[in-house]
Amino acid sequence: MTSQTQLPVADPESDDPTGTETTDRLDTETGRSRTEVTSAPQWKLIWWRFRRHRLAMIGMVILVILYVVALFAGFFAPFNTTSYSGQHAYQPPQIPHFSFSEGFYVHPTTGATDPETLAPVFTEDTSQMVHLGFFVEGDPYRLLGLVDANVHLFGPEDPGQRWYALGADRGGGDLLSKIIYGSQISLSIGLVGVAISLLLGLILGGISGYFGGTTDTVIQRIIELFMSIPTLPLWLGLAAAVPPQWGPMQTYLMITVILSLVGWTSLARVIRGRLLQTRGEDYVLAAKLDGVPTGRIISRHMLPSFASHIIATVSLAVPAMILSETSLSFLGLGLRAPAVSWGVLLQNAQSVNVVATAPWLLLPGLAVVLAVVAFNFVGDGLRDSADPYGKRS
Amino acid sequence: MFSARRRIRERDRAARAAQRGLAGAVVDAAELSDAEAILDIQGLKTTFHSDEGTVHAVDDIDLVVRRGRTTCIVGESGSGKSATARSILQVVDNPGLIEDGRILFRADPEGPVRDLAALRSKGDAIRSVRGREIGIIFQEPMSALSPVHTIGNQISEVLELHSDLGPAQIRERVIDELNNVGIPRPDERIDAFTFQLSGGMRQRAMIAMALIARPALLIADEPTTALDVTTQAQILDLLGELKVELSMTMIFITHDLGVVAEIADDVVVMRHGKVVETGPVDQIFHDPQHDYTKELLASLPQRSAPLGEPEAPEATPAVGDAVPDGGRPGSVDVVEVVSDPRETVRHEHPQARPLLRIRDLRMEFDAVSGTMFGRRRKEKIVAVNGVDLDIAEGETLGLVGESGCGKTTLGRCVMRAYDPTGGELLYDDGSGAVDLAGLSQKQLLPYRRQVRMVFQDPYGSLNPRMTVRQVIGEPLRVAGLARGSELDDRVETMLERVGLRSSMASRYPHAFSGGERQRIGIARALITSPKLVIADEAVSALDVSVRTQILELLADLQDELGLTYLFISHDLSVVERICDRVAVMYYGNLVEEGPAEQLFANPQHGYTRALLSAVPVADPRVRGTRERVVYRPDEGESEESAA
């Protein structure tokens, strides 16, 4: 915005009232008819632009998959989080075999402790098979908290048998199932936390930006106060105040509130900045001169013009929330077992010893990375598409 | 930070690398299409690849710049003139790319010919050419100069890079150069920051920076577009003098044909990335070959005699004659020239019934000054200083002045976008006078429909998230005057009236060009059937050919609907063309007011004369025949604000 770009954008020289010249690029580019382009609302233009952003589209696909899996966790996970098999503690991942006569199968294992190294050793019993199949019956669960079901996408055909796609944890629970169930909390805490932050940010940032003056100064100083407190000790202090006897649901809600109380400040600043900037636009003055009342100016004239930026900012704030939850739980101050989240699962991988013998316990970390990176790609893509004049690499 | 010794070592390394790079780009002198050429562009193609598609900004152009001459590249926005200039130095904006072509440059008349396009854009070779052999001046000095370094620092850097002088010698040279470009008290100003200088001074500093290494070629990219006419006139004079003094060659890029006529020797007309016509300035203006050039010239609002008639310079009327050249020109009756900015010259009062009477209007703004920790003291900036003005029903009143003179503030006070500090705005639509300045926002609502505004910026004044139908219909909708299909009908009728199609109503503003958007802005202003329309620089952001169409539209609508216009503009040629009466403002004061012909033919205030004499006339034959009047109000009162 600061550079004096002489980019030859639309050709304002052609003033024929058909308005064809300016739209030529978009229609050839997106393969759309001219009328479609010229009457496309802003969100549609953003979407067209977004779709050409390859990384963001990949991120978007990953996110959709992650959230669908989290929503139908019971169906996608082979087991429940509570089912375990003590003799399979630290069972390494089992890759399914395939043959045309038997379909998918793995060999059952029996665990023993090596007498010298005390490391768990698993021996495959190749004479037997655990048959795996699609849409098998297994542990019961409630789909979306409403429908009782026991069908799983993929798992052992005999409900009594065990299969560890991504290995087992210390208690012999299936890590894949736990990661899938854990995503429910880890992915939703980001959205809920950001929603609360956004609400706070919209109200306080909106007041600050529209009224300006003393109000603005006071709110900005409060924000600075919040921002100047180091986040980690603040989380620790607030999280330590959560009574340990509270159930997982209450703790979960409390943690989201804590995270959003710390996280709203930057959103409020963005919203304030946008409002201040938009307030000076000619079209706002024009609306004022049209006799439009203040409330309508804010909601109908100003808000839509920066809504896309806010969505982009929000999508970049979600991964920060996910990371916060993970770090809190990892430190043992957020959610605690039996609640399952990626941070809680990573607690198992706290000692070097465990990581050396059972490296698959780090896999929840991979899930965090995947989600965070996907969110960042989508956020970047949205920001670029929402701002047509921003520099793109 | 580099130590001095490391810096010198680094510079020597760069110099050697540059020598190697330049040696690799040498081309046989016979390849120049003109033996006298300093720059010969052959088949240059510069392309911008963006998500929205590929834009051929410069599309296979050939251009020869002859040594010692001023070549003007002229064209409308998007014609590729800036991209051409930037391609020469390989400083094209991201994501632009020079795709093809040769840029042959011969710094020295006898020296080797080099192909600049063959150099790497980030290599040492092209760097040694930039600044030392080719200097460049940009349009907006505020953003081209660094805000955090003193101008002395920035100018010195050029010498540090391209010469062996020591710090004391460099400082001396810089002071000397600042003196050359006409910056008063250069030994103090060398330590000034960019924001401490006025626009004209900044541009002078920029020129000093471009010239300090004595380049053989100077590229000036719209150097006066951001400046006021009087400042523009000074800068053009300065460039002309320096060019002769330093025997440079100059490429001057502009969209303003008046400026071209003032300074060009050769003219290159560009359109859509292609060169449509080249030739000596006299031929371009008086015997244009290409249709586009003719069109450009025809759409030019003329300040002087009509074009095309090859007339002798001495016959040029009005402007040249009105200048008090010691003696008085016989034809015009020149009275004593008034030079006090607080005094208003009134030629005569309008006969028609005034629709709006502005009485002693004052508008003051609070300015907070002081350092970060120091005591704040409040200062008042007087933007409008007791203006009396009548706008008669059905007339077009032009309000002219330079930036910061308070003309926009005056317009916005009338709109009550600002609350005036004092004075009266007596609005009388026939049912008795009402003082708009005294009404509350709520009482004002019915008058908001009678007094409407057309904005300058066709891009910023239309909400990008609303369809044209919503934008135009908004005032009616919020006033509850129309809704549903009736509203749609009225919007569509209005669209057709301003020359757009009614089917365009469902489009968003991004689908329209600048001229069309301005039509939409006009439609929004007229939808409430207003009496008075305030057009604040309504055509300033448009290209000349579009500007003409919009002016014609405004005139047609005035006839049809009996509108009264308050036309605010800095462009005297536009004002003269469409206004019945003209009022001139200078630092918050109304200095002269009267019927357009009378005021232009016989300006009586010193400032009006200065303003008129500074306007470039689009006829190269008039060049040098006009005398420049400089207005310096009596010391005292206005000195502070003029600084």
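Heavy-atom basis, side chains included; hydrogens, waters and symmetry copies ignored. Computed from a predicted model, the values in this text were never measured in an experiment. Quick note on labels: first sequence line is chain A, next is B, and so on, each numbered from 1.
- For R449(B), no part lies near chain A; criterion is any non-hydrogen pair under 4.5 Å.
- For R497(B) and E492(B), the salt-bridge test fails: no basic side-chain N is under 4.0 Å from an acidic carboxylate O.
- When heavy atoms are compared at a cutoff of 4.5 Å, L462(B) approaches chain A solely by way of its backbone atoms N, CA, C and O.
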Inset, instruction - Any chance you could lay out the side-chain contact (heavy atoms from CB on, under 4.5 Å) test for L289(A) and R448(B), step after step, and finish with the verdict? - result: CA-CA 6 Å; L289(A) 297 182; R448(B) 288 238 179 275; 3.6 Å; yes
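- The part of M466(B) that comes within reach of chain A is its side chain, from C-beta onward, which places non-hydrogen atoms under 4.5 angstrom from that chain.
- Of the N and O atoms on the side chains of S506(B) and T467(B), not one donor lies less than 3.5 Å from an acceptor on the other residue.
- Of the two parts of A479(B), neither the backbone nor the side chain holds a non-hydrogen atom closer than 4.5 Å to a non-hydrogen atom of chain A.
- Most heavy-atom pairs under 4.5 Å with chain A, from the set Q470(B), R412(B), Q456(B), R416(B): that is R412(B).
- Just one residue in the list V454(B), V533(B), I472(B) forms a side chain to side chain contact (heavy atoms under 4.5 Å, CB included) with L526(B), and that residue is V533(B).
- R296(A) touches chain B through its side chain: at least one heavy atom from C-beta onward sits under 4.5 Å away, while N, CA, C and O do not.
- Shown here is R54(A), whose CZ atom has no more than 12 heavy atoms of other residues, nucleotides or ligands within 6.0 Å.
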